[in-house]
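Read through the structure below, which is laid out as structure tokens, and then see the notes.
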Protein chains: 2
Amino acid sequence: MPRRSDRPLDRDLIAACALALFREGGLAAVTTRRVASALGVSPMALYVHVGNKEGLLDAVVERLMRAIKIDLDSEASWPAQAEQWAHALRAELSAHPGAMDLLRTRRWALVRCTEPLIRALLAAGFSEERAIRAARLVTWVTMGFLSVESGVDLLGSDDRQADRLERSLDRLEVLEGRAATSPASRGRGVDRADIDALFSLELRLIVRGLEAGLDLEPHD
Amino acid sequence: MPRRSDRPLDRDLIAACALALFREGGLAAVTTRRVASALGVSPMALYVHVGNKEGLLDAVVERLMRAIKIDLDSEASWPAQAEQWAHALRAELSAHPGAMDLLRTRRWALVRCTEPLIRALLAAGFSEERAIRAARLVTWVTMGFLSVESGVDLLGSDDRQADRLERSLDRLEVLEGRAATSPASRGRGVDRADIDALFSLELRLIVRGLEAGLDLEPHD
DNA sequence: ACCTGAACACCGTTCAAGT
DNA sequence: ACCTGAACACCGTTCAAGT
């Protein structure tokens, strides 16, 4: 992370510094005042270059996403490539825990990453319109999953969540009186393996559906 | 929204007041200080009853979700009921724009709402374990979609997003040189109808996949 | 046991002033 | 054109003090 005024301060330098703070402490750590002080500059010096807090965060996602390159195996079938794309994106973004906090309201920052996906679909003979719509579906599915996933606190013991979840499950009348589910699946919440499996499954169902042309049927 | 100290201040009264603020101004409007002043009380008076900000927000979601009842048509097939459940949840939550900001990190608050879904699956002959896993999938899919959807700013002209999106799309090399997509789908972003259709499609693919038993196949 | 007031360590942002 | 310092209107939370 850059310090002092060895360089004349511009949007890029600010973004680099803010991104460094983001990587360390997530969205909460990106503060105009903290970025400024890390750059050895007054908070107001930033405003000329990024406009305001919103613009600062725009610069952060932009830089974050520019570092992400998704390469697909062009020999593979398009369904395989679609799944590969989603898994690759998830892998990249899971390296930056707070990424979805930024991306959820800044879909434009992801567009560049969807290029290989759209390219794969076009190469497979999709019409331009269908390719864009299919890519949008896969993108939303992936972003949605990552967004929910990012709300799951697996780090630490997370006793609060687990407690509340257990209490909620215990109150579920449907399950009452039934042979209690294996304690493993009852109130335990989800772990890494569950989440990975859930993502793979969701993705598979979506891609298989596209493969079957279910997106071409007239909709209710 | 309740005012003054006509009642002796407890967790429920605080939650009711905070929820009222939430409905008006979203998550940003729910502030310990604002809730306190709306109740005609010092900020610190809340701490005895809700612990801290986190606990205050817990109380808000709890109350928010308790007001949501999802009724399914038990005559319908389980796939129909599953889709019905998701559409109903989306309809309820879309009435509270910031709801996903609270729910994303508080999955336990949604458990109660999944009861009719699990019940429908069990009634259709699902094993308890498969019912829970299928319900979890449908829940994550729905929450994920709503989470992304809530980041889409359709209100107002949202020029900033649209501009940035357009610029991102214009930079997509894949689309360059091609017969420009219909201006309608190029850079325009998405509108209400697109999003509704996308949700219906995603849901249909997931439910059709479950129907086909794709969740029972051995996973890679 | 419950509530208050003053205080602390933060925020984002405005504004007049400097160079 | 770029940056600073002081100030404003907020935050969540601690702590000693009141009843």
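Per chain, numbering begins at 1; letters A, B, ... match sequence-line order.
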Between A:A28 and B:A45, whichever has its closest DNA chain C nucleotide further toward 5' is B:A45
Rounded to the nearest Å, what distance is computed from the CE atom of residue A:M44 to the P atom of nucleotide C:dA16?
-> 13 Å
Salt-bridged, B:R11 to B:E62, with N to O below 4.0 Å?
-> yes
Are OP1 or OP2 of C:dC10 and a side-chain N or O of A:T31 less than 4.0 angstrom apart?
-> no
How about B:R107 and B:T139: does a side-chain donor come under 3.5 Å of a side-chain acceptor?
-> no
Map every base of DNA chain D to its dot-bracket character, where paired means a Watson-Crick or G-U wobble contact with both distances under 3.5 Å and | marks a partner outside the strand.
-> ||.|||||...|||||.||
Whole-Å gap separating P (C:dT14) and CG (A:L46) | 14 Å
Can you list the residues that meet the side chain to side chain contact (heavy atoms under 4.5 Å, CB included) rule with A:Q84, with sequence neighbours excluded?
-> A:L72, A:D73, A:Q81
Please report, rounded to the nearest Å, how far the P atom of C:dG12 is from the OH atom of A:Y47.
-> 7 Å
Salt bridge (Lys or Arg N to Asp or Glu O under 4.0 Å) evaluation trace for B:E54 with B:R106 | CA-CA 11 Å; B:E54 198 66 9; B:R106 294 178 179 81; 3.5 Å; yes
Given atom NZ of B:K53 and atom P of C:dC10, what is their separation to the nearest angstrom?
-> 18 Å
Donor-acceptor contact present, side-chain B:R90 to main-chain B:T142, <3.5 Å | no
Whole-Å distance separating the CZ atom of B:R11 from the C1' atom of C:dC2 = 18 Å
OP1, OP2 of D:dC3 versus side-chain N and O of A:H49: anything below 4.0 Å?
-> yes
Rounded to whole angstroms, how far apart are CG on A:L39 and C1' on D:dC3?
-> 13 Å
Whole-Å gap separating P (C:dC2) and CG (B:L13) = 15 Å
Taking only the side-chain nitrogens and oxygens of A:T32, find out if one of them lies under 4.0 Å from OP1 or OP2 of C:dG12.
-> yes
Flag, side chain of B:R130 to backbone of B:D215, donor-acceptor distance under 3.5 Å = no
Is any side-chain nitrogen or oxygen of A:R34 closer than 4.0 Å to OP1 or OP2 of C:dC11?
-> yes
Taken to the nearest whole Å, CG/A:L27 to P/C:dC11 is 13 Å
Note: for A:R33 and A:P43 on DNA chain D, the residue whose nearest nucleotide lies more 5' is A:P43
Salt-bridge criterion met for A:E149 and B:R104 (N-O under 4.0 Å) | no
